[in-house]
Amino acid sequence: MVIIRRYSMVLIAALVLFSLYLASEYHYLLFHYLAEIFSITVGFSIFIVAWNSRRFLDNNYFLFIGIAYLFISGLDILHTLTYPGMNIIAGSGTNLAAQLWLCARYVEAGAFLIAPFLLGKRLNPYITFLSYILVISLLAGTIFYWGVFPDCFIEGTGLTSFKINSEYAICLILAGSMVILIQRRRHFDSGVLKLLLAAMAITIASELFFTIYVSAYGVPNLIGHFLKIISFYLMYKAIVETGLVAPYNILFRDLKQSEDQYRDLYDEAPNAFFSVGIDGRIERVNRSATELLGFSVSELIGRPVLDLYADTTSGKTKAQDIFNRFRSGQEVHGEELEMRKSDGTPVWIDLSVRPILDANRTVVLSQSIAVDITTRKQAEERIQQQKELLENTLESLAYPFYVIDASDYTIEVANSAARWNELMAGSKCYMMTHGISQPCSGPEHPCPLEDVIVSRRPVIVEHKHYDSQDNETNIEVYGHPIFDKEGNVTQMIEYCLDITERRKIDQMKDDFIGLVSHELRSPLTVITGALNTVLTEGEFLTQEAAKQLLNDAALEAETLSHILGNLVELSRAHADRLFLYAQEVDIANTIQNTIGRISYDPELYQIEVDLPNKPSTVYADRIRLERILRNLLENAVKYSPEGGRIQVSAKPDEENLIISVSDQGIGISATEQTKLFASFQRIEDNGLEEVGGLGLGLLVCRRLVEAHGGRIWVESEPGKGSTFSFTIPL
C-alpha cells in the first residue's frame with residue numbers, strides 16, 4: 001500500500017511538471033507565474049504553520065525558517081510582478097526581476113545558515129520578525145529608492161559578473177548550511193532532515209542554472225524554475241505536510257525524544273523502578289528490578305507488591321504502612337526496608353514512593369524507586385559489631401581508658417574504669433584525673449598530651465592520681481597520638497595503670513635486699529672472724545677456745561645455710577619447680593634433730609616436746625619437714641621472752657598428723673594475722689628490741705606445707721602468745 005501511494009505521488013508530480021512544461025510552451029509568462037505562485041504559496045504556508053505553532057514549538061530552527069519564508073515569499077511576489085512582460089510595475093524588466101530574485105535567494109540562504117545556530121537557544125519571534133522587516137526594507141530601498149543595488153542583467157549583454165558571483169556565493173552559503181545542519185542532525189527527525197538537505201541541494205542546482213541564462217525566457221531559466229519548484233515542494237514536505245499530517249515529527253519531536261529517553265531511563269536505570277497500582281499489584285518494572293529480586297518481568301507484573309517483602313517489622317509490616325501512606329496521597333522518601341529475592345535471600349532497599357494523581361486529584365498509581373543498600377547495611381552491621389566489640393573491650397579493661405581532644409584537653413571517650421558515668425560534657429582530663437583547674441606541668445608532673453604533640457610518638461609518664469575516695473595512687477600513663485590527614489596530632493589515646501601495689505612491692509624488694517644483705521652479713525662476719533682468729537692466733541689459743549670459735553663458725557654457717565635454703569625453696573615455689581622426695585619419716589626423731597640444730601640458749605628458753613605414746617610416722621619429705629619445724633621454732637625463740645616456754649606437739653586425727661609450735665611471746669593481732677603468710681612480713685613490737693629475720697620463714701612454711709597437701713594456720717591473741725599449727729596427711 002505504501003509503495004502504491006509512493007508511485008502515485010511520483011506520477012502526480014510528473015504530471016504536474018509536464019503540465020507546467022506545456023504551459024511554458026504555450027506562454028512562458030504563464031509558466032513563470034504558476035511556478036512563482038506555487039513557491040509563494042509554499043512559503044506563506046511554511047510561515048503560517050511555524051508562526052501558529054510558536055508557543056509549543058521547541059525547535060527554533062523551524063520558527064526562524066518559517067518567519068524568513070514570509071519575507072522570501074514577499075520578495076518573490078515583487079519578482080513575479082516585475083518579470084519582463086508583466087507590465088504591472090513601472091520600470092519593470094529583466095534587471096529589476098533579477099535584483100529582486102537575488103535578494104530573495106540571499107535572504108533564503110542566510111536563513112538556512114543562521115537557523116542551525118539557534119538550536120537549543122531562546123528565540124524571540126517578534127524581534128526576529130522586526131529584524132526581517134528592517135532587512136527587507138533596506139534591500140527594497142537599495143533597489144527602489146536609492147537605486148544603489150548593483151545591476152544583475154544588461155539587455156543585449158546578459159548576466160553581470162555581480163549576478164553570477166552572487167549565485168556562486170549563495171551556493172556556497174547553502175553548502176555550508178548543509179554541513180552545519182548535518183553536524184546538528186540529532187535535533188531533527190531523520191525524514192525531515194533528509195528533505196531539508198535535498199531541498200537545499202536542489203536549490204544549489206537551481207542557482208547554478210541561473211548563472212548561465214542569457215534571456216529571461218531561455219532554457220536555463222526554465223530549468224532553474226523547475227528546480228525551484230522541486231526545492232519548495234521538498235520544503236513543503238518537510239515542514240507544511242509533516243507539520244499538518246504528523247506534527248509531532250517537528251513540533252513535538254523533542255517531546256517524543258524526551259518520552260523515548262524517559263522510557264530508556266526507566267528501563268535501563270541502575271536503580272529498581274516499580275509502578276504499583278492502587279490495588280497493590282505491580283503494573284510495571286524495569287530491568288534493575290528484575291535483577292534486584294531475581295524474578296522475571298512476567299513473574300513480577302500483576303504480583304502483590306507486599307509479597308516481595310520479608311515477614312519482619314522492617315519488611316512487610318513497614319511496607320504495609322508505606323502503602324497506606326501512598327494511597328492517602330503522601331510521598332515517601334528514604335525508608336529502609338527488607339525484601340526477599342526469589343531464592344529467599346534477604347536484600348535491603350532504600351525506598352522512595354511518589355503517588356501519581358489523575359485529573360480529579362485521585363491516586364491511581366505509585367512510582368517507586370528502590371536503591372539496593374544491602375552492602376551498606378552489611379557494612380553498617382559490621383561497623384556496629386566492631387563498635388560493640390570495641391566498647392565491650394574498653395569496658396572489660398580494669399584500668400582507665402580515655403580519648404582526649406588534643407586542642408583543648410576535652411575527654412571524648414572513656415570507659416567505666418575511668419569513672420565515665422561521672423563525666424560531664426566538656427570535662428577536661430586534668431580535672432578528671434587530678435582535680436585541678438589547669439593542665440599538668442613541671443618535671444614531677446609532666447603532661448602526656450603535650451609530650452605527644454611535641455614528640456609525635458607514644459610516651460609513658462608517671463603521675464599521682466586520686467581515686468573516688470581521694471586516696472593517692474601511683475599511676476603509669478601511656479599516651480598514643482592520633483593524626484589527621486595532614487599529619488597533625490588531633491587526639492590522644494590514654495590509658496592508665498595503677499602501679500601503687502607495684503611500687504609497694506618494689507619498695508619491699510628494696511627493703512628485702514637490704515635486709516638480706518644484713519642477715520647474710522651477720523653470720524658471715526662471725527664465720528670469717530672465727531676462722532681468721534683460729535688461723536692467725538691459733539698458737540696462742542687454748543684448745544677449748546679454738547674449738548669454741550670453730551663451733552661458733554659452724555653454727556653460723558648452719559644459720560647461713562638455712563637462710564639460703566629458705567630463699568632457694570621460695571624461688572622453686574615461684575617457678576613451679578618445688579618437687580618433694582617423700583619417704584617414711586619418724587616424727588619424734590625429726591623434731592629432736594630440728595631442735596638440736598637451732599641456735600638458742602637453753603638457759604633462757606625451755607623447749608618441751610609432747611608426742612603421742614605410740615611411735616608416729618608420716619610419708620613426707622624429711623628435709624622439707626625439718627625446714628618447716630625450724631622456721632616455726634626460730635620464730636618462737638625470737639618472739640618469746642626470756643624464761644619463756646616453747647612447746648612442740650604432734651597428734652593425729654582421722655586423716656592428718658597435726659604438728660603445733662606454741663610460745664608465750666607477744667602474740668599477734670587479728671589484723672596482723674591476715675598478713676603473716678605473705679612475702680616479707682615480719683611482726684615487730686615496740687615492747688621488744690628489734691629482732692632479725694627476712695620475713696620469709698612463714699611464707700616458706702606455707703609453700704612447703706601446701707606442697708605436702710596440708711594447711712597451716714595460727715591461733716593468737718596479743719600478749720597471750722601464739723600457736724602455729726600445720727597438717728601432714730597420714
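Sequence positions, counted from 1, serve as the residue numbers for this chain.
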Atom pair CD (Glu715) and CZ (Phe724), whose distance is rounded to the nearest 0.5 Å: 10.5 Å

Non-neighbouring partners of Arg287 that pass salt bridge (Lys or Arg N to Asp or Glu O under 4.0 Å), sequence neighbours left out: Glu268, Glu291

Side chain Thr536, main chain Asn532, donor-acceptor under 3.5 Å: yes

Polar contact flag, side-chain donor to acceptor under 3.5 angstrom, Glu388-Asn392: no

Stepwise side-chain hydrogen bond (donor to acceptor under 3.5 Å, both in side chains) test for Gln583 and Tyr581: CA-CA 7 Å; Gln583 57 184 326; Tyr581 300 94; over 6 Å; no

Over 12 non-hydrogen atoms of neighbours within 6.0 angstrom of CD1 in Ile658: yes

Evaluation steps, salt bridge (charged side-chain N to carboxylate O under 4.0 Å, His left out), between Lys377 and Glu336: CA-CA 10 Å; Lys377 292 291 287 187; Glu336 295 183 359; 3.2 Å; yes

Contact summary for Arg340 and Pro346, nearest pair of heavy atoms: NH1-CB, 3.0 Å

NZ on Lys316 to CG on Asp307, rounded to 0.5 Å: 5.5 Å

CG-OG1 distance between Leu629 and Thr594, expressed to the nearest 0.5 angstrom: 5.0 Å

Separation of Glu634 CD from Ile598 CD1 (nearest 0.5 Å): 6.5 Å

Exercise: do Tyr409 and Glu450 side chains pair donor with acceptor under 3.5 Å: yes

Enclosure of Gln384 CD (heavy-atom neighbours >12, cutoff 6.0 Å): yes

Short side-chain to backbone donor-acceptor contact, Thr723 and Ser662, under 3.5 Å: no

Donor-acceptor pair, side chain of Ser716 and main chain of Ile668, under 3.5 angstrom: yes

Salt bridge present between Glu335 and Lys318 (N-O < 4.0 angstrom): yes

Nearest-0.5 Å distance, CZ of residue Arg354 to OG of residue Ser368: 11.5 Å

Any donor-acceptor N/O pair, Ser352 side chain to Ile369 backbone, under 3.5 Å: no

Donor-acceptor under 3.5 Å (Arg624 side chain, Phe579 main chain): yes

Spacing of Arg630 atom CZ and Ile628 atom CD1 [to the nearest 0.5 Å]: 14.0 Å

